[in-house]
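Inspection log for the structure reproduced underneath, given as C-alpha cells.
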Amino acid sequence: MVETLVQPRELRAITSTHEYAFPMKLLASWTLAITAVMGGLYFLVGFPPAFDTYFEKMYFHAIGIGIAALVAYLVLDVFELEAHEPALDFPIRYRAFLALVFGALGGLVFLSRAVFNALPDVGVLLFVVAFLLIFDVSAALLIELIILPRKKSGIYENRSRNFADYVGRVVPFTPADRAAYRGLGAGYWLAVVSIASASIAMVIGFINLWVRAFGPSFFAGYMGWLGLDAKGFQDATLDPHSHMVAIAIIAIIVAVAIVRFGVLDAESSLRRRIASWGAWIALAGVVLMTLILGAVAFLNYAPPTLFTSGPDAVNGMAGDDLFMSIVFLGAMIVAVAIASDRRNSRNALRMTILGTWAASVVITAIVGFYIELHEQQFGGTLAANDANFSAAHPMTGIFVMIVLSLALLLVDFYGIPGRARRIAVAVAATGLVAAFAGTMLWTLADPSTGGPVFTLYIAGIALAYAAVLVAGLAVRSAHTQGFTRTAP
C-alpha cells in the first residue's frame, strides 16, 4: 500500500503583538480527546442511545461544539488563514478551544440531573458563553475567507474609519477587488457558502435557546406576527438549526477534503471536472437548504410533502429533506473523483474518510427517504423501527460519521506515519463498520433494545469515539515544521 505523507508546516507565527503559544496540533489533540471523552460519558452515565430530552440535546451540544472547533482548525490550516490573520485579534484557534472548554463544562452540568438541579443557571450560562464564542469563530472564519484572496493579491485595505468603511473592506466592490477572486476553485466557494450557512444556523439555535431559557422577551411581537406561542416558536426553530448546521458542516468537510487532497489539481481533466461538478452541486444544495430552512425558522414556512401516496397522502418525502440531499449528492460525486485517483484509493485513511461520507448518506438520506415513502407501515406495524431510526440516524449518521471524518482528516493533515496511523485507521474503520451495521440492523431488522443487534449498535458508537481519542493521541505525537509570517 502506497501512502504519500507530507510533513505539515505549522504556523508558530510571531508578530509585533502576539505569539501562538499553543501549537495547533496540541489544541487539535486536546479537542479530539475532550470530544471523545464527552461522547463516552454520554453512555457511561446511562443515557439512552438517543437525545430526545432537553438535557440530552443540550449535553450533545458539547460534542457539537467540539466538532465545530475541529472544523475551525482544519479550515485555518488547509486554507492557511493564520498566515494572514490580523495581528491584533485574539487568535481564532484560541477562541475555538475556549468555546469547547465552556461547552464541555456546560455539558457536564446537564449530564447529571442532580448537578443541574443544584446549579440550574450555571449550565445554561456556560453554554451561552460557548455558543457566543463558537459563533464568533464561525463569523471570523467567514470574513477571513472572504478577504483572503485580496490579502494574497496585496490589494486589501485594512484601515477603516467607520462601519461603512468596514463593509467596504469585506465586500469586494471595486473591479480590482473582484479580480482577486478569478480562478478560485469550487472548494473555496463551497467553504465560504457553507460557513455562512452554519453561522445562520447558529443564530437560529441561539434564538431558540433564548426563548426556552428566558421566555419570549423582545421576540414576543415577532412570535405574535408569526402566530406562534413560545412552544410553537421553539418547535419551528429547532429542526432548521440542527439540520442546517449538520449539513453545513458536512459541506465544509467536503470543501476541506477537496483542497487537502488536491482533487481540483489532478492530472486527469475528467477527474477535475467531476470534482468541480460535485462541489458546485453541493454548494447549490447548501444555498437551497439555507433558504428553505431559513424560511421555516424565520417565516414559519411549511415545505410541501413530495411524492405522496397512500391513505390521506400518509406517505411522502419532506420537501426540505430533498434539498438537503443535494449536498449529499454533491459529496458523493466528489468522493468518486477522490477515490478514482490511485494515490487515494490505495490510501486506507482517505478511503475510510470517504466511507464515513457514504455511511452518512445511506443512514440519513437513503434510509430516511425509504421510511418517509413507506410511512404507512413505519407509522403502524413498524413503529418501533421508525422510533429507532429517529434515535439512531442523528447519533450515527450525523455525529459519529462527522467526528470520525474530522479526526481522520487531522491525522492525514499532520502526516501521522507508521504504527500510529495504522492503529487510528483500524479503530476508526472498525467503529465505522460496526456503527453502520448496528444502525441499519437496529432500524430495519431487530428494533429491540437488547440482544446482539443493539449491542453492535452501542459498540460501534463506542469504538468510533475510541477512534477519535486514538486520533488525538496520534496528532499529539506529530512532528511539525515551524514557519513564521515573514518567512513562509
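Keep in mind it's a predicted model, so treat the numbers as computed, not measured.
Closest approach of Ala99 and Ala130 over heavy atoms only: O-CB, 3.4 Å. When all heavy atoms of Ile252 and Ser194 are compared, the closest pair comes out as CG1-CB, 3.4 Å. For the pair Ala424 and Val470, the tightest heavy-atom approach, listed with the atom from each and the gap, is CA-CG1, 3.8 Å. In plain terms, the two heavy atoms of Leu264 and Ala186 that are nearest each other are CD1-N, 3.7 Å. Pairing each heavy atom of Ala392 with each of Thr439, the nearest pair is CB-CG2, 3.8 Å. Phe79 and Ala191 make their closest contact through CZ-CB, 3.8 Å (heavy atoms, listed as atom of the first residue, atom of the second, distance).
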Let me check something: any side-chain donor-acceptor pairs from residues 136-145 under 3.5 Å, sequence neighbours excluded? List them with distances.
| from | atom 1 | to | atom 2 | distance (Å) |
| --- | --- | --- | --- | --- |
| Asp136 | OD2 | Arg95 | NH1 | 2.7 |
| Ser138 | OG | Ser199 | OG | 2.6 |
| Glu144 | OE1 | Lys151 | NZ | 3.2 |

Taking only distance into account, with no hydrogens and no angle test, what donor-acceptor pairs under 3.5 Å do side-chain atoms of residues 351-361 form with protein atoms, sequence neighbours excluded?
| from | atom 1 | to | atom 2 | distance (Å) |
| --- | --- | --- | --- | --- |
| Thr352 | OG1 | Ala348 | O | 2.7 |
| Thr356 | OG1 | Ile353 | O | 2.5 |
| Trp357 | NE1 | Ser405 | OG | 3.4 |
| Ser360 | OG | Gly397 | O | 2.6 |

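Two residues are said to be in side-chain contact when any heavy atoms from C-beta on lie closer than 4.5 Å; Val101 and Phe97 meet this criterion. With a 4.5 Å cut-off on side-chain heavy atoms, Tyr465 and Ile63 count as touching. Contact of the Val259 side chain with the Tyr188 side chain is not registered, since no non-hydrogen atoms from C-beta on lie closer than 4.5 Å. In this structure, the side chains of Val336 and Arg271 stay at 4.5 Å or more apart for every pair of heavy atoms. In this structure, the side chains of Val263 and Asp341 stay at 4.5 Å or more apart for every pair of heavy atoms. A heavy-atom distance below 4.5 Å is found between the side chains of Tyr59 and Met38. Under the 4.5 Å side-chain criterion, counting only non-hydrogen atoms from C-beta, Phe206 is in contact with Leu132. By the 4.5 Å heavy-atom criterion applied to side chains, Thr290 and Ile200 are counted as neighbours.
Using the six-membered ring where Trp is involved, Tyr457 and Trp442 have ring planes that are parallel, under 30° apart on the 30 and 60° scheme. Ring pair His241/His61 is parallel by interplanar angle, where below 30° counts as parallel and above 60° as perpendicular.
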(Q) Pair Ile146, Tyr181 - check side-chain contact (heavy atoms from CB on, under 4.5 Å), show working. (A) CA-CA 9 Å; Ile146 289 173; Tyr181 296 87; 4.0 Å; yes
(Q) Between Leu291 and Phe323, is the side-chain contact (heavy atoms from CB on, under 4.5 Å) condition met? List the steps. (A) CA-CA 10 Å; Leu291 292 173; Phe323 287 110; over 6 Å; no
Q) Leu74 and Arg260: side-chain contact (heavy atoms from CB on, under 4.5 Å), yes or no, with the steps? A) CA-CA 9 Å; Leu74 282 165; Arg260 170 62 187 165; over 6 Å; no
Q: Check step by step if side-chain contact (heavy atoms from CB on, under 4.5 Å) holds for Leu409 and Val78.
A: CA-CA 10 Å; Leu409 277 168; Val78 170; over 6 Å; no
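Here Leu349 contributes atom CG and Leu408 contributes atom CG; the two are 5.0 Å apart, rounded to the nearest 0.5 Å. For the atom pair CG of Leu70 and OH of Tyr73, the computed distance is 7.0 Å after rounding to the nearest 0.5 Å. Note that CE of Met24 and CD1 of Ile92 are 9.0 Å apart. Values are rounded to the nearest 0.5 Å. Atom CG of Leu190 is separated from atom CD1 of Ile281 by 11.5 Å, given to the nearest 0.5 angstrom. Of the inter-residue distances, the one linking Ile398 atom CD1 with His393 atom NE2 reads 6.5 Å to the nearest 0.5 angstrom. For the atom pair NE2 of His243 and CD1 of Ile204, the computed distance is 12.0 Å after rounding to the nearest 0.5 Å.
Between Phe60 and Phe399, the ring center distance clears the sub-6.0 Å criterion.
The side-chain contact (heavy atoms from CB on, under 4.5 Å) with Ser197 is formed by just one residue from the set Val327, Val286, Ile249; it is Val286.
By the 6.0 Å contact criterion, CZ on Phe102 is open, its count of non-hydrogen atoms from other residues, nucleotides or ligands being 12 or less. More than 12 heavy atoms of other residues, nucleotides or ligands sit less than 6.0 Å from atom CZ of Arg272.
A donor-acceptor distance shorter than 3.5 angstrom exists from the side chain of Arg93 to the backbone of Phe22, with no hydrogens or angles considered. Looking only at distances, a side-chain donor or acceptor of Ser242 sits under 3.5 Å from a matching main-chain atom of Asp239. The backbone N or O of Arg273 lies less than 3.5 Å from no partner atom in the side chain of Ser276, so there is not a single donor-acceptor pair. Remark: side-chain polar atoms of Asn208 are not paired, donor with acceptor, to backbone N or O of Thr237 under 3.5 angstrom.
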